[in-house]
Structure formats: C-alpha cells, structure tokens
Amino acid sequence: MKKRGPAHACVQGPAAAGSSQLPAPAVVIVVVVLLLTAAMAALGQPLEVIITTLVAGGLLAVELIRRAVVVFTGRGA
C-alpha cells in the first residue's frame, strides 16, 4: 500500500467514486493565474501578455506538481 503525503497538504475534490486529492499549492497557482488573467483582461492588457501569463502559470504548475509527486511518493514522476 502506498504512503500518502500529509492530509493537510491536499484539497479534497468532490465526493465521488474515483475522486482524488490535489496538492494545495497547485490549486493556489491555478486560482492566482485565473485571477491575474481576469484582472489583465479587465484592465485591457494586450492578448499576448495574457497568453504569456497563462503559459508561465501552466509551466509553473506542472513543475510544482512534478516536485510534489517526488516529495510525497519518494520516486520520480
């Protein structure tokens, strides 16, 4: 049986069969990137800036999840 990371470091998804827990920092990054995107769109920033923010946030989230998997499972992703 696999050891899981500490429960306080995860956010419970909707209670359904097969639901999983997401690392809390990944959820925070998604929320922050969406808020930044909405703010920049509301302030009239060029589309290129908004797309750059989405790409950078996505790359940061992917790297954070990879590192979290290594830390919580003790193996590489």
Side-chain angles (χ1 to χ4, degrees):
M1 189 164 156
K2 289 185 181 178
K3 284 180 70 176
R4 292 198 171 206
H8 66 276
C10 295
V11 175
Q12 181 67 38
S19 73
S20 61
Q21 293 183 339
L22 299 173
V27 173
V28 170
I29 287 178
V30 169
V31 170
V32 168
V33 168
L34 289 176
L35 288 174
L36 282 172
T37 303
M40 287 191 295
L43 294 174
Q45 292 290 325
L47 186 59
E48 291 84 5
V49 173
I50 296 172
I51 291 172
T52 302
T53 302
L54 287 172
V55 169
L59 292 173
L60 181 63
V62 167
E63 185 62 27
L64 182 66
I65 290 172
R66 283 184 184 159
R67 290 177 186 242
V69 166
V70 169
V71 168
F72 289 135
T73 63
R75 62 181 171 86

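Note: hydrogens, waters and symmetry copies are ignored here, and every other heavy atom, side chains too, is used.
Both Val28 and Leu36 are part of a single hydrophobic cluster, where members link through side-chain heavy atoms under 4.5 Å apart. In terms of hydrophobic clustering, with Ile, Leu, Val, Met, Phe, Trp and Tyr side chains grouped at heavy-atom distances under 4.5 Å, Leu35 and Leu43 are assigned to different clusters.
For the atom pair OG1 of Thr37 and CD1 of Ile51, the computed distance is 10.5 Å after rounding to the nearest 0.5 Å. Taking CE of Met40 as the reference point, atom CG of Leu54 lies at 7.0 Å (rounded to 0.5 Å).
Heavy atoms only, all atoms of each residue included: Ile50 and Gln45 are closest at CD1-O, 4.0 Å.
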